[in-house]
Structures are given as C-alpha cells and as structure tokens.
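In this text the structure is predicted, and so the values were computed from the model without any measurement. Sequential numbering from 1 along the given sequence is applied to the chain's residues.
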Amino acid sequence: MRLLPRLLLSLLALMPLALSAAPSAAPLQEGRDYALIANPGPFAPLAGRIEVVEVFGYTCPHCAHFEPQLAPWAARLPKDVRFTLVPAAFGGMWDAWARAYYAADQLGVAKRSHADVFKALHDTGELPMQNVGADELAAFYSRYGVTPAAFNEALRSPGVEQKMTGARDFLRRTQVPGTPAIIINGKYMVRGSSFDDQLRIASELISRIRSNKAP
C-alpha cells in the first residue's frame with residue numbers, strides 16, 4: 001500500500017520539469033500574424049477604448065462562413081473594446097450592399113438583420129448577389145418592422161451617404177486587400193491561417209494594447 005503514495009510523490013516532483021519543457025505560445029510576429037498599417041488611424045475616435053473593426057461584404061462567402069464564429073467572439077469582448085462593422089464599399093455590387101447595411105443601421109435594425117442577410121444570400125437565395133434593387137431590399141427589411149418607404153428614404157439619405165464616404169476613406173487609408181479583414185485601432189491588420197487563428201491573434205493584440213505591451 002506504500003507504493004502508491006511514493007508514485008504520486010514522484011509524479012508531483014516531476015511536474016515542474018514537465019511544465020518547463022512544454023512549449024510556450026509563440027510571440028506574435030509582424031508579417032506572419034499581423035501587418036502594420038502604413039497610415040494608421042482608427043475608424044472613429046478611440047475615446048480611451050480599443051477599436052476592433054471587421055471589414056465585411058455581404059456577398060463574400062468567407063464573411064458568411066466567418067460570421068457564426070465572429071459574432072459570439074465579439075459579444076464576449078470587454079467593455080473597453082468597441083467592435084465596429086465596416087461594409088466594404090469597393091464599388092459596384094459592394095456599394096449596393098454597403099449602402100443597405102448603413103440604411104439598416106440608421107433605422108436601428110442592422111444588428112437583428114445582419115446574420116439573416118448572409119443567410120438570404122448564401123443559404124436560401126432569397127436575395128440576389130448582383131443587381132439587387134431598392135424594392136427587393138425594402139421588402140427584405142420589412143420583416144424587421146421597417147416600411148418600404150422608410151427604408152428607401154434611408155437608402156438615399158445624407159446620413160447614409162456620409163457613412164459611405166467614411167467607409168471608403170477608411171478602406172483607402174488602411175489598404176484593405178479583401179474581406180473579411182480585422183483591423184485593431186486602425187494600426188494592426190490581423191492575418192492568420194484560419195478564422196480561429198485570426199481571432200486568437202486579435203485577442204492577443206487586444207490584451208497587449210490594454211497592458212501597453214503592443215508590438
């Protein structure tokens with residue numbers, strides 16, 4: 001009966017050696033994990049917070065696949081982190097959907113409808129990828145309590161046009177190569193080999209910025 005306690009003591013003695021031999025997480029590396037933006041600047045004034053921007057496009061299949069992972073991650077971000085969606089106003093059909101997002105945002109239904117737009121485009125085919133019309137968009141957003149007249153008015157409003165200009169300026173300055181893209185504080189463009197990897201890198205950058213140990 002004395003053999004078991006001796007074995008346990010031996011295992012406990014070896015634990016520090018095993019832990020010291022375990023590989024630690026590799027430090028973040030510029031060029032592999034993130035890129036430094038040449039002309040940095042946040043999308044909106046930081047006001048003491050950390051900004052995480054996702055540049056997305058509704059017609060982008062990668063964005064659609066990313067959304068189920070990104071949404072719960074963003075929902076768990078600390079209070080000092082501001083998560084902002086910026087639609088990729090690259091021109092053409094990208095602009096039509098960017099404008100639709102900002103109209104929905106102005107009407108207060110963007111959060112409720114965001115995931116559903118991806119589904120309507122990529123899963124059910126309710127909405128067309130190209131040449132979507134204002135009436136089609138208005139009919140879709142009517143399920144969230146928005147009248148077609150109100151949606152069409154928002155779509156053409158100066159407020160939405162101003163937001164489109166802000167999105168275009170941010171895309172030009174940060175030189176976003178495609179979607180989805182995660183940008184932190186307008187300075188770090190997250191890279192990574194997978195969606196999980198991107199979220200891991202983003203979390204690490206946020207932690208380092210908070211502790212003033214940003215790379």
Between [X] and [Y], is there a donor-acceptor pair closer than 3.5 Å when you use the side chain of the first and the backbone of the second?
{"X": "Glu136", "Y": "Gly133", "answer": "yes"}
{"X": "His122", "Y": "Phe118", "answer": "no"}
{"X": "Arg82", "Y": "Ala44", "answer": "yes"}

Test salt bridge (charged side-chain N to carboxylate O under 4.0 Å, His left out) on Asp95 and Arg168 and set out the steps. CA-CA 10 Å; Asp95 278 14; Arg168 292 188 188 106; 3.1 Å; yes

Would you compute the distance between atom [atom1] of [X] and atom [atom2] of [Y] and round it to the nearest 0.5 angstrom?
{"X": "Ile37", "Y": "Met189", "atom1": "CD1", "atom2": "CE", "answer": "4.5 Å"}
{"X": "Leu199", "Y": "Arg76", "atom1": "CG", "atom2": "CZ", "answer": "9.0 Å"}
{"X": "Ile184", "Y": "Ile209", "atom1": "CD1", "atom2": "CD1", "answer": "5.5 Å"}
{"X": "Ser157", "Y": "Phe151", "atom1": "OG", "atom2": "CZ", "answer": "10.0 Å"}
{"X": "Leu77", "Y": "Ile206", "atom1": "CG", "atom2": "CD1", "answer": "5.0 Å"}
{"X": "Leu28", "Y": "Ile201", "atom1": "CG", "atom2": "CD1", "answer": "6.5 Å"}

Any side-chain heavy atom of [X] sitting closer than 4.5 Å to one from [Y]?
{"X": "Pro180", "Y": "Glu67", "value": "no"}
{"X": "Thr179", "Y": "Phe66", "value": "no"}
{"X": "Asp169", "Y": "Thr165", "value": "yes"}

Assess whether atom CD of Gln29 is packed by more than 12 heavy atoms of other residues, nucleotides or ligands within 6.0 Å.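 Atom CD in Gln29 is crowded, with more than 12 foreign heavy atoms closer than 6.0 Å.
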
Atom NZ of Lys187: over 12 foreign heavy atoms under 6.0 Å: no

Can you confirm whether the side chains of [X] and [Y] place a donor and an acceptor under 3.5 Å from each other?
{"X": "Glu51", "Y": "Thr84", "answer": "no"}
{"X": "Tyr101", "Y": "His114", "answer": "no"}
{"X": "Trp73", "Y": "Ser203", "answer": "yes"}

What closest approach, in Å, do [X] and [Y] show between heavy atoms, and which atom pair accounts for it?
{"X": "Pro27", "Y": "Asp33", "result": "O-OD2, 4.0 Å"}
{"X": "Leu121", "Y": "Pro128", "result": "CD2-O, 3.4 Å"}
{"X": "Trp94", "Y": "Ala88", "result": "CB-O, 3.2 Å"}
{"X": "Arg173", "Y": "Pro40", "result": "NH1-C, 3.6 Å"}
{"X": "Ala167", "Y": "Pro87", "result": "CB-O, 3.9 Å"}

Are Trp97 and Met129 joined in one hydrophobic group, where the rule is that I, L, V, M, F, W and Y side chains link up if heavy atoms are under 4.5 Å apart?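 Same hydrophobic cluster.
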
Kindly work out whether a path of hydrophobic side-chain contacts (I/L/V/M/F/W/Y, heavy atoms less than 4.5 Å apart) joins Leu36 to Val53. yes

Just do the salt bridge (charged side-chain N to carboxylate O under 4.0 Å, His left out) check on Arg208 and Glu204 with the steps written out, would you? CA-CA 6 Å; Arg208 292 188 180 199; Glu204 179 66 19; 2.7 Å; yes

Classify the ring geometry of Tyr144 against Tyr141: parallel below 30°, tilted from 30° to 60°, perpendicular beyond 60°.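 Correct class here is tilted.
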
In terms of relative ring orientation, are Tyr188 and Tyr34 parallel, tilted or perpendicular, with 30° and 60° separating the classes? perpendicular

Walk me through whether Asp116 and Arg143 qualify under salt bridge (charged side-chain N to carboxylate O under 4.0 Å, His left out). CA-CA 11 Å; Asp116 292 341; Arg143 67 183 66 178; 6.0 Å; no

NZ/NE/NH1/NH2 to OD/OE distance under 4.0 Å, Asp197 and Arg191: no

Sidechain N-carboxylate O distance under 4.0 Å for Arg99, Glu161: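 Between Glu161 and Arg99 there is a salt bridge, with a charged N closer than 4.0 Å to a carboxylate O.
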
Test log, rule side-chain contact (heavy atoms from CB on, under 4.5 Å), inputs Val55 and Phe170: CA-CA 10 Å; Val55 179; Phe170 184 73; 4.3 Å; yes

